[in-house]
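One-based numbering along the sequence shown. Remember, it's 1-based here, ligands and their atoms both numbered in the order they're listed.
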Amino acid sequence: MKLKIACISGDGIGPEIIAEAKKVLQIVCEKYDHSLIFEDLLLGGASIDAYGEPLTAETIEKAKNMDCVLMGSIGGDTTTSPWYQLPAHLRPEAGLLSIRKELQLFANLRPALLYEELKDACPLRADISQQGFDMLIMRELTGGLYFGARKTYEKNGLRVATDTLTYDEEEIRRIAIKAFEIAKKRKYKVCSVDKANVLDSSRLWRQVVMEVHKDYQDVSLEHMLVDNCAMQLVKNPSQFDVVLTENMFGDILSDEASMITGSIGMLPSASLNQSKFGLYEPSHGSAPDIAGKNIANPIATILSAAMMLRLTFDLDQEANQIEQAIKDVLKEKYRTIDIMSEGCNLVSCDQMGTLIASKLK
Ligand code: NAD
C-alpha cells in the first residue's frame, strides 16, 4: 500500500518526537512492504518564521492532497516567545484552529489507557487503578457551544452575555456513525454522554444516537448524563470503552480522562473528517521548557502514528504491533524522564524511538 502522509513537525519538541514516529513508521512499512511518502509542511511558529503567518493556503492545499496529517505540536513559550506579541489571528494556535476547520475535522478521538507498568502514576486510589482502564473519548469538534452565536450586551443597566448551543441532526448522526464504527474495532461498546434531563440539544443528541444505533445492533449502547460520567471516570473508569459526546462535555471529560492516566507524554489523539482523512497528534503541547534537549517522551506521537495506520489506512495489524512494541519496551523498564521511576533505565527521546523500532524488526 502507498501511504501519503503530510508531516508537520511544528515547534518546540515537535521535530524531536516526529523524527521518532517517522523512524517507527519506516520500520513497520518496510516489514509489511508499504511505501511511505512524506510531505513535510510548516505550521504554527515555524510557519510564522518562514512566511509571516501560522498557516498558508499552500500548506492547506498540500495537506489536502495527502491521505492524512501527522503532527508534532505547535506553539512556544507564551510569556517569552515573540510569536505571542503578534495579533491573535497571526499566533501559532490560530494556524492549528484554521487547519482543523479547513480539513473539516469534526470527530476528535482521545484514548486514555492506563499501562500496567505505569499504574503508580495514576492519581486514583490503588483499588481503582489496579483494575486498569482503556477507553476512547470521542468528542464532537466543530459544533455546539464553542461555535454558536454569542454576544455580550446591556439590558436594564446590567451586563448580559449569551452563548448558544446548537446541533442539527446531521452533525450528530455523522459522529455517532464514527463512534459505532470505531467501537467495532474495539470492544463493541458505546456510552453516549449528554444532559438530556435538561437540554433540548441533548434530547436530540440522544434520539439521533438511538436511530443510528439501529444499524449497529452488535454494538451495545448506554446513555449517561454528563455529571454522572464525570463521577464515574474517577470512581470506576474500567467500565468505559468508547465514550461519545458533544463538544464542550468532551473538552472537559477528555482532560479528566487523560489526567487519570497520570502521564501526558503517553497520550495520542486523532481528529477525523467524513472520509478516512485524519490529523494525528499527541495530546500534549510543544513543551518549550525541554525543547532541543533530547529528553521528550516520543510515545504519544508514536501512538498517534499507530492510530493513523488503523483509522486512515485500516492497517490494524501494523498498528497493533506498534502498540505492543511500546508495551514491551515499558515492560523492560525503559523510561523517558517524565515517566521515570525507581529501578528503571532512563533513556533519551531518540533512544526510546530506537528501542520501539527495534521491537518491530
Ligand atoms: P505542554 O503540554 O507543552 O507542557 C506541559 C508540561 O508537560 C511541560 O512541563 C512539558 O515539559 C511536559 N511535557 C509535555 N509533553 C511532554 C513530552 N512528550 N515528554 C515529556 N514532557 C512533556 O503544555 P504548555 O506548556 O501549556 O504549552 C506549551 C506550548 O504548547 C504553548 O504554546 C501551547 O499553546 C502549545 N500547545 C500546543 C498544542 C498542540 O499543538 N495541539 C496543544 C497544547 C498546547
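- Note: Leu253 CG to Met224 CE = 10.5 Å, rounded to the nearest 0.5 Å.
- Here Lys187 pairs with Asp241 in a salt bridge; the nearest charged N to carboxylate O distance falls below 4.0 Å.
- Between Glu323 and Lys327, none of the side-chain N atoms (NZ, or NE/NH1/NH2) sits under 4.0 Å from a carboxylate O, so this pair counts as no salt bridge.
- With respect to atom 1 (P) of ligand 1, the closest heavy atom belonging to the protein is Gly285 N, 3.6 Å.
- Distance remark: protein heavy atom present below 4.0 angstrom from atom 38 (C) of ligand 1.
- Remark: Asp328 does not engage Lys359 in a salt bridge, criterion side-chain N to carboxylate O under 4.0 Å.
- Closest heavy-atom approach to atom 10 (C) of ligand 1 among the candidates Ile339, Ile299, Asp289: Asp289.
- Here Lys2 does not pair with Asp67 in a salt bridge; the nearest charged N to carboxylate O distance is not below 4.0 Å.
- Distance from atom 7 (O) of ligand 1 to its nearest protein heavy atom, with residue and atom name: Ile264 CG2, 3.9 Å.
- For atom 27 (O) of ligand 1, no protein heavy-atom neighbour is present inside the 4.0 Å cut-off.
- Of the polar atoms of Ile17, none of the N or O atoms is found under 3.5 Å from an N or O of ligand 1, judged by distance alone.
- Contact atoms of ligand 1 toward Gly75: 32 (O) (distance under 4.0 Å to a heavy atom of the residue).
- With sequence neighbours excluded, the residues that form a ring-ring contact (aromatic ring centres under 6.0 Å, His included) with Tyr216 are Phe180.
- The single protein non-hydrogen atom nearest to atom 21 (N) of ligand 1 is Ile290 CD1, 3.6 Å, given as residue, atom name and distance.
- Near Pro288, the atoms of ligand 1 lying under 4.0 angstrom from a non-hydrogen atom of the residue are 28 (C).
- Counting protein heavy atoms only, atom 30 (O) of ligand 1 is closest to Ser286 N, 3.0 Å.
- To the nearest 0.5 Å, atoms CD1 (Ile299) and CD1 (Ile322) are separated by 12.5 Å.
- Remark: Glu211 engages Arg173 in a salt bridge, criterion side-chain N to carboxylate O under 4.0 Å.
- Checked against a 3.5 angstrom limit, the closest N/O atoms of Ser283 and ligand 1 fall outside it.
- Annotation for ligand 1: atoms under 4.0 Å from non-hydrogen atoms of Ala296 are 19 (N).
- Scanning the protein for heavy atoms near atom 35 (C) of ligand 1, the closest one is Ile74 O, 3.2 Å.
- A salt bridge links Asp314 to Lys185: at least one charged side-chain nitrogen sits closer than 4.0 Å to a carboxylate oxygen.
- Regarding atom 19 (N) of ligand 1, its nearest protein heavy-atom neighbour is Asn297 N, 2.9 Å.
- Nearest to atom 32 (O) of ligand 1 among the protein's heavy atoms is Gly76 O, 2.6 Å.
- A salt bridge links Arg100 with Glu281: at least one charged nitrogen is closer than 4.0 Å to a carboxylate oxygen.
- Contact annotation for atom 41 (N) of ligand 1: protein present (non-hydrogen atoms, distance under 4.0 Å).
- Taking the charged nitrogens against the carboxylate oxygens, Lys22 and Asp40 do have a contact shorter than 4.0 Å, which makes a salt bridge.
- The pair Arg203-Asp194 fails the salt-bridge criterion, with no side-chain N (NZ, NE, NH1 or NH2) lying under 4.0 Å from an Asp/Glu carboxylate O.
- Contacts of Tyr84 with ligand 1, taken as heavy-atom pairs under 4.0 Å, involve the side chain alone.
- Scanning all protein heavy atoms for the shortest distance to atom 33 (C) of ligand 1 gives Glu93 OE2, 3.6 Å.
- Under the salt bridge (Lys or Arg N to Asp or Glu O under 4.0 Å) criterion, Glu20 pairs with Lys23, not counting sequence neighbours.
- Within 4.0 Å of atom 24 (P) of ligand 1, not a single protein heavy atom is present.
- For ligand 1, the polar-atom distance check against Glu281 finds a nitrogen or oxygen pair separated by under 3.5 Å.
- Of the heavy atoms in Leu96, only side-chain atoms (C-beta onward) come closer than 4.0 Å to ligand 1.
- A salt bridge is defined here as a Lys NZ or Arg NE, NH1 or NH2 lying under 4.0 Å from an Asp or Glu carboxylate O, and Lys195 with Glu246 fails to meet this definition.
- Neither the backbone nor the side chain of Pro92 has a heavy atom within less than 4.0 Å of ligand 1.
- In the vicinity of Ser73, heavy-atom distances shorter than 4.0 Å reach the ligand 1 atoms 40 (O).
- Distances from ligand 1 to the non-hydrogen atoms of Ala300 include no value under 4.0 Å.
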